[in-house]
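A quick write-up on the structure given underneath.
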Amino acid sequence: MSTNVSLFERAQRVIPGGVNSPVRAFRAVGGTPRFIARAAGAYMWDAEGSRYIDYIGSWGPMILGHGHPEVLEAVQKAALDGFSFGAPTEREIELAEEILKLAPSAEQVRLVSSGTEAGMSAIRLARGYTGRSKLIKFEGCYHGHADALLVKAGSGLATFGHPTSAGVPPEVVQHTLVLEYNNIAQIEEAFATQGDEIACVMIEPIAGNMNFVRASVPFMKRIRELCNQHGALLVFDEVMSGFRVALGSAQSIYAREIPGFQPDMSVFGKVIGGGMPLAAFASSREIMSKLAPLGPVYQAGTLSGNPVATACGLTTLKLIQREGFFEALSARTRSLMDGMAQAAAQAGIPLVTDCQGGMFGFFFAEALPQNYQQVMAKGSERFNRFYHLMLDRGVYFAPAMYEAGFVSAAHTEQDIADTVAAAAEAFRQL
Ligand SMILES: *Cc1c(COP(=O)(O)O)cnc(C)c1O
């Protein structure tokens with residue numbers, strides 16, 4: 001029988017690091033990645049037949065759990081009609097209509113195949129529309145691996161960043177300004193000094209790539225004001241938070257707090273593909289009409305709007321609109337976080353948690369972090385030990401403390417109770 005260890009050895013001979021996306025390699029937590037053989041509902045089974053309660057959900061897409069029967073049926077039916085045509089289909093219109101219905105900040109949407117592609121295209125469009133080059137991003141936010149976005153903060157405030165990857169020439173990131181998340185003074189200064197050169201501010205409104213950190217309402221309100229004053233576009237990267245933290249995505253949460261609030265552009269992925277390669281960027285008709293074939297900003301894709309992927313995404317988006325879906329998902333996620341916090345307190349372990357909809361984060365710290373530095377400052381050794389204690393007990397969390405977690409509609413109260421019981425044991429052993 002193949003074991004995780006034997007598969008990992010074999011994989012490393014033919015695939016760099018044995019994985020097709022780095023975080024899967026368990027580098028942060030150590031040990032051997034589990035090679036997954038199959039999944040159903042809230043569970044995954046590895047090559048050795050061990051079962052795990054899955055809190056990664058393919059890093060977000062599997063909001064209905066694995067292999068939802070109605071999604072499966074739609075995918076099978078679509079596959080029988082053909083995998084890809086390189087020509088428009090009615091289902092692309094249906095998916096676009098569905099996305100726009102749930103994201104009223106936008107009037108048009110273009111479908112692509114990955115979040116990286118969507119984010120990269122959104123920036124090109126923001127630059128093409130404004131005629132400006134510079135962009136602001138925040139440390140700890142991930143927007144895919146496009147060259148201009150693989151950048152960390154420069155040495156001083158308002159200096160441009162350094163590449164975080166070899167192979168990215170410094171000139172490529174010279175237009176990217178990296179600021180601290182939730183720091184109002186910094187973004188005010190950036191706009192004061194170079195506001196008329198900034199094409200867009202890109203942000204994960206609820207950041208899921210530095211565990212789980214919310215942009216504060218005053219911070220978001222100020223960003224919106226600054227963008228308005230200086231003619232920059234506010235781009236919400238909702239690849240993770242979209243249709244995951246609420247049916248109206250994170251933007252609906254800020255719209256409740258800030259009168260009239262909406263982003264100028266939104267980037268979606270993960271949930272809108274339901275586990276298939278599909279992502280999108282969306283904006284007003286005026287901005288989107290700058291895209292080819294109507295306008296001068298080029299963007300294209302052989303597999304964009306793929307008929308099997310759109311069947312999967314469309315069915316997923318329809319199912320999450322059922323009465324009470326998000327209420328139930330939120331309650332389940334909340335009970336997981338509350339249960340873990342209580343178990344940690346009983347064991348005398350400092351743990352703080354946060355969650356929204358079906359997305360959560362927990363930190364071995366006294367207070368919720370507000371930015372990347374604070375996320376990374378504390379608890380990594382404890383997290384890594386906790387991670388393996390949970391994995392040994394059949395609970396599959398993200399293998400790095402800077403990743404958010406996900407609950408699906410397939411997780412039962414029993415799954416949550418079993419997870420909390422496992423966590424209570426793990427906390428006692430820490
Ligand atoms: C996952 C993610 C991306 C990248 O999406 P891919 O499909 O992996 O390219 C971009 N932005 C955010 C916020 C993400 O979570």
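We count ligands from 1, going down the list as the structure has it; atoms in each ligand are counted the same way. For the numbers below, each heavy atom of this structure counts, side chains included, while hydrogens, waters and symmetry mates do not.
Looking at atom 7 (O) of ligand 1, its nearest protein heavy atom turns out to be Gly115 N, 2.8 Å. Remark: minimum distance from atom 11 (N) of ligand 1 to any protein heavy atom is reached at Asp237 OD2, 2.7 Å. Among all protein heavy atoms, the one lying closest to atom 8 (O) of ligand 1 is Thr116 OG1, 4.6 Å. When hydrogens are left out, the protein atom nearest atom 1 (C) of ligand 1 is Lys270 NZ, 1.5 Å; that is the closest non-hydrogen contact.
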Please evaluate residues Gln229 and Phe191 with respect to the criterion side chain to side chain contact (heavy atoms under 4.5 Å, CB included), reporting the C-alpha separation (whole Å), side-chain torsions for both, the decisive distance (0.1 Å), and the verdict. CA-CA 9 Å; Gln229 276 162 26; Phe191 269 101; over 6 Å; no
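With rounding to the nearest 0.5 angstrom, the CE atom of Met337 is 13.5 Å from the CD atom of Gln356. Rounding to the nearest 0.5 Å places CD of Glu70 at 5.0 Å from CG of Leu319.
Using a 4.0 Å cut-off between heavy atoms, Glu204 contacts ligand 1 through its side chain alone, with no backbone atom that close. Residue contacts with ligand 1, taken as heavy atom pairs separated by less than 4.0 Å, do not involve Val267 at all.
Between Val235 and the options His143, Met265, Lys137, a side chain to side chain contact (heavy atoms under 4.5 Å, CB included) holds for only Met265.
The residues Arg13 and Glu9 are annotated as not salt-bridged, no charged nitrogen and carboxylate oxygen being separated by less than 4.0 angstrom.
Checking Asn183 against Asn371 by side-chain atom types alone, no donor-acceptor pair falls below 3.5 Å.
Of all atoms in ligand 1, listed by their number and element, those nearer than 4.0 Å to a heavy atom of Gly144 are 4 (C), 10 (C). Taking every heavy atom of Met240 and a limit of under 4.0 angstrom, the matching atoms of ligand 1 come to 15 (O). Close contacts of ligand 1 with Ser114, meaning ligand atoms under 4.0 Å from a residue heavy atom, involve 7 (O), 9 (O). Atoms of ligand 1 lying under 4.0 Å from at least one heavy atom of Asn209, given by number and element, are 12 (C), 13 (C), 14 (C), 15 (O).
Ring geometry for Phe360 versus Tyr55: interplanar angle over 60°, hence perpendicular rather than tilted (30 to 60°).
Considering backbone and side-chain atoms alike, Tyr142 places an N or O below 3.5 Å from some N or O of ligand 1.
Taking 4.5 Å as the limit, every side-chain heavy atom of Asp46 sits out of range of all side-chain heavy atoms of Tyr396.
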